[in-house]
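Below is one structure, written out as structure tokens; the observations come after it.
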Amino acid sequence: MSELPHVRPERPAEPAPAATVPAAAAPEAPAPERLSALDLLSFLCTLFAVASLAIWGFTAWELPWNIVFGIAAPLATLIVWGLFASPRAVIRVHPFVRGLVELLIYLSATIAWWSAGQAWIGLGFAVVAIVVGVLAGRRRLS
């Protein structure tokens, strides 16, 4: 141990104060986008569509197939929504195509309610979803 040099620990250097960085050189972070009531309604429509397809899958088929369709229908819907229609979509598409994808999701939920014999629920959901989709689509295009 005698071969080791004697080293004295030094105090670490103090970081530079934030005020020394010029304001023009500091990169500005993008302002976070605020959620509106329309964003919330659009999310609730999509959530209702996924739940509708799960209910349809579990109730419209016989025992071995109800588990398959009860899991596969909402899972496929979530995959398509995540790829094309979500705010952080994997594949960025034109807002018109995004609107068509959302419309197909809403249409599938409406057809699921109609096939279950609940036409009024399907019709009510279709009206609400179309109104919310048109308003959200117009905002995306502007």
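Annotation: salt bridge (charged side-chain N to carboxylate O under 4.0 Å, His left out) contacts of Arg92 (sequence neighbours excluded): none. By the side chain to side chain contact (heavy atoms under 4.5 Å, CB included) test, Leu135 pairs with Leu38, Val131, sequence neighbours left out. Among residues two or more places apart in sequence or in another chain, the side chain to side chain contact (heavy atoms under 4.5 Å, CB included) test is passed with Ile71 by Phe58, Ile67. Here Leu141 pairs with His94, Pro95 under the side chain to side chain contact (heavy atoms under 4.5 Å, CB included) rule; sequence neighbours left out. Residues meeting the salt bridge (charged side-chain N to carboxylate O under 4.0 Å, His left out) test with Glu14, sequence neighbours left out: Arg11.
Among residues at least two apart or in separate chains, salt bridge (charged side-chain N to carboxylate O under 4.0 Å, His left out) pairs with a member in residues 122-139 are Asp39-Arg139. Evaluation of the ring pair (Phe, Tyr, Trp, His ring centres under 6.0 Å) test over residues 62-86, restricted to residues two or more places apart or in two chains, returns Trp61-Phe69. Sorted pairs that involve residues 63-86 and meet salt bridge (charged side-chain N to carboxylate O under 4.0 Å, His left out), not counting sequence neighbours, are lacking altogether. Sequence neighbours left out, not one pair with a member in residues 40-53 passes salt bridge (charged side-chain N to carboxylate O under 4.0 Å, His left out).
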Can I get a per-line list of side-chain donor-acceptor pairs under 3.5 Å for residues 48-57, giving both atom names and the distance, sequence neighbours left out?
from: Ser52; atom 1: OG; to: Phe48; atom 2: O; distance (Å): 2.7
from: Ser52; atom 1: OG; to: Trp113; atom 2: NE1; distance (Å): 2.7
from: Trp56; atom 1: NE1; to: Ser115; atom 2: OG; distance (Å): 3.2

Using a 3.5 Å cut-off and no angle test, enumerate the donor-acceptor pairs between side-chain atoms of residues 117-130 and protein atoms at least two apart in sequence or in another chain.
none

Kindly list each side-chain donor-acceptor pair under 3.5 angstrom involving residues 96-104, sequence neighbours excluded, with atom names and distances?
from: Arg98; atom 1: NE; to: Ala85; atom 2: O; distance (Å): 2.8
from: Arg98; atom 1: NH2; to: Ala85; atom 2: O; distance (Å): 2.9
from: Glu102; atom 1: OE2; to: Arg140; atom 2: NH2; distance (Å): 3.2

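Heavy-atom minimum distance, Ile105 versus Thr77: CG2-CG2, 3.7 Å.
Leu75 is connected to Val80 through a chain of hydrophobic side-chain contacts under 4.5 Å among Ile, Leu, Val, Met, Phe, Trp and Tyr, so both are in one cluster. Both Val93 and Val90 sit in one connected hydrophobic cluster of ILVMFWY residues. Membership requires side-chain heavy atoms under 4.5 Å apart, directly or through other members.
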